[in-house]
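Lettering of chains follows the sequences in order, A, B, ..., and the numbering in each one begins at 1. As the structure is a prediction and not an experimental result, all values here were calculated from the model.
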Number of protein chains: 2
Amino acid sequence: MNKLKEKLASKGLKATVQRLYVYEVLLNSRQHPTAEEVYREVSRVLPSVSLSTIYNTLETFVEHKLVNKVHNDSGIARYDAFVETHHHIYSENGEVIADYYDEKLAELLNDYFTKKKIKGYEIKEIRLQIICSTKEKESKK
Amino acid sequence: MNKLKEKLASKGLKATVQRLYVYEVLLNSRQHPTAEEVYREVSRVLPSVSLSTIYNTLETFVEHKLVNKVHNDSGIARYDAFVETHHHIYSENGEVIADYYDEKLAELLNDYFTKKKIKGYEIKEIRLQIICSTKEKESKK
DNA sequence: CTTATTGCAAACGGTTTGCAGCATT
DNA sequence: AATGCTGCAAACCGTTTGCAATAAG
């Protein structure tokens, strides 16, 4: 967490309370929150924070690769603080998102695309969207 | 293309000119157009068409699985008429999208996830987002 | 003839922006 | 002390909606 301060400093960014709390919320969040959700959380401890600050902060983090931004099917942005390679699990309606880490899979994909190039493109990154239905009972909305 | 009329009929949907043209634009489009782009194309031949009709039409198609909807990193929706299993190639800025068909890959992923279940979830679909830089010279924006 | 669909204009909702005051370096 | 960041309110822009007129079955 103090890593963040260092990273911010190393990039000439100021370590404001707002930024620290936004980052903390992302770290402690199991699901990937929307900007609004981050706002609600940060507001609890910093009632005067504004939504635009949340957006600005998140965007700054994304630009500096401290945070990932993901879009669900409804086009609303969600953010997560883990930049290590991992994939995302979506519910069928695109609502819930969880992280999915899988080194074996990473290796598999890496092998595959090392052999099989895609003509005219250089692959930078591969992201999986794993669309799932949860097995627990769920109200048939 | 007349397949569309049949499909619409079989679902009790009316085959309006607007729908036919929207579908045609999607079929003939190499990149996946946004609603706005579809609108511009359809307008050329049907000047009185409205943007909301384009949206309604696209949404109807998506609901009936005639068309896929994809979000790029900026959250703007793009549509494509190919519903067979395939993945998507994104440029690094999330702008350009191309289709990527690969049966071998599908098989590979299928095998992998048949063995390795994800606890608590039932996998419905897997989508790859392949982030690429094009190899052609490109203005360093 | 019935009902779904269109086109319009207005509303919506997530996100961005301009700017004065303030906090961090 | 200098600059970058915040918070506010207003703008933005992609998308949705209500509804009267129209076209498809």
Is there a side-chain contact between [X] and [Y], using heavy atoms and a 4.5 Å cut-off?
X: B/Glu36; Y: B/Ile54; answer: no
X: A/Tyr121; Y: B/Ile130; answer: no
X: B/Glu37; Y: B/Arg78; answer: yes
X: B/Leu13; Y: B/Arg19; answer: yes
X: B/Asn68; Y: B/Phe82; answer: no
X: B/Glu125; Y: A/Glu92; answer: no
X: A/Thr53; Y: A/Val22; answer: no

| Residues within residues 64-76 of chain B bordering DNA chain C, heavy-atom distance below 4.0 Å |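 Under 4.0 Å from DNA chain C: no residue of residues 64-76 of chain B.
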| query | Looking at DNA chain C, which of residues 4-18 of chain B put a heavy atom within less than 4.0 Å of it? | reply |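 Hits under 4.0 Å, by residue number: B/Leu13, B/Lys14, B/Thr16, B/Gln18.
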With sequence neighbours left out, what residues match [X] under side-chain hydrogen bond (donor to acceptor under 3.5 Å, both in side chains)?
X: B/Thr16; answer: none
X: B/Asp102; answer: A/Tyr112, B/Tyr100
X: B/Gln18; answer: none
X: B/Glu63; answer: none

| How bent is the helix from C/dC1-D/dG25 to C/dT25-D/dA1, comparing axes over its five end pairs at each side, to the nearest 10°? |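 Inter-axis angle at the termini of the helix from C/dC1-D/dG25 to C/dT25-D/dA1: 40°.
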| field | CD/B/Glu103: more than 12 non-hydrogen atoms of other groups inside 6.0 Å | value |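 Count not over threshold, so no.
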| message | Checking B/Asn72 against A/His71: is there a side-chain donor and acceptor pair closer than 3.5 Å? | response |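 No, B/Asn72 and A/His71 have no side-chain donor paired with an acceptor closer than 3.5 Å.
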Value in whole Å for how far the [atom2] atom of [N] lies from [atom1] of [X]:
X: B/Leu20; N: C/dT5; atom1: CG; atom2: P; answer: 13 Å
X: B/Leu58; N: C/dT6; atom1: CG; atom2: P; answer: 11 Å
X: A/Asn56; N: C/dG14; atom1: CG; atom2: P; answer: 17 Å
X: B/Glu59; N: C/dT6; atom1: CD; atom2: P; answer: 13 Å
X: B/Ile54; N: C/dT6; atom1: CD1; atom2: P; answer: 9 Å

| field | Any B/Thr53 side-chain nitrogen or oxygen under 4.0 Å from OP1 or OP2 of C/dG7 | value |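 True: B/Thr53 side-chain N/O within range (under 4.0 Å) of C/dG7 OP1/OP2.
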| message | Looking at A/Tyr55, I'd like to know whether one of its side-chain N or O atoms comes within less than 4.0 Å of OP1 or OP2 on C/dT16. | response |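 No, because none of the side-chain N or O atoms of A/Tyr55 sits under 4.0 Å from OP1 or OP2 of C/dT16.
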| field | Residues in ring-ring contact (aromatic ring centres under 6.0 Å, His included) contact with B/His86, at least two apart in sequence or another chain | value |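 For B/His86, the residues satisfying ring-ring contact (aromatic ring centres under 6.0 Å, His included) (neighbours in sequence not counted) are B/His88, B/Tyr101.
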| request: Could I get the full list of ring-ring contact (aromatic ring centres under 6.0 Å, His included) partners for A/His87, not counting sequence neighbours? | output: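 For A/His87, no residue satisfies ring-ring contact (aromatic ring centres under 6.0 Å, His included) once neighbours in sequence are set aside.
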| Is there any ring pair (Phe, Tyr, Trp, His ring centres under 6.0 Å) pair reaching into residues 48-67 of chain B, and which pairs are they, with sequence neighbours excluded? |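 Output for this query lists B/Tyr23-B/Phe61.
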| request: Go through DNA chain D in 5' to 3' direction and return only the first and the last nucleotide with some atom under 4.0 Å of chain B's heavy atoms. | output: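 First and last nucleotides in contact are D/dG14 to D/dG25.
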| message | Expected output is a numbered-order residue list: members of residues 42-49 of chain B with a heavy atom under 4.0 Å from any atom of DNA chain D. What is it? | response |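 Those residues whose heavy atoms fall under 4.0 Å from DNA chain D, taken from residues 42-49 of chain B, amount to none.
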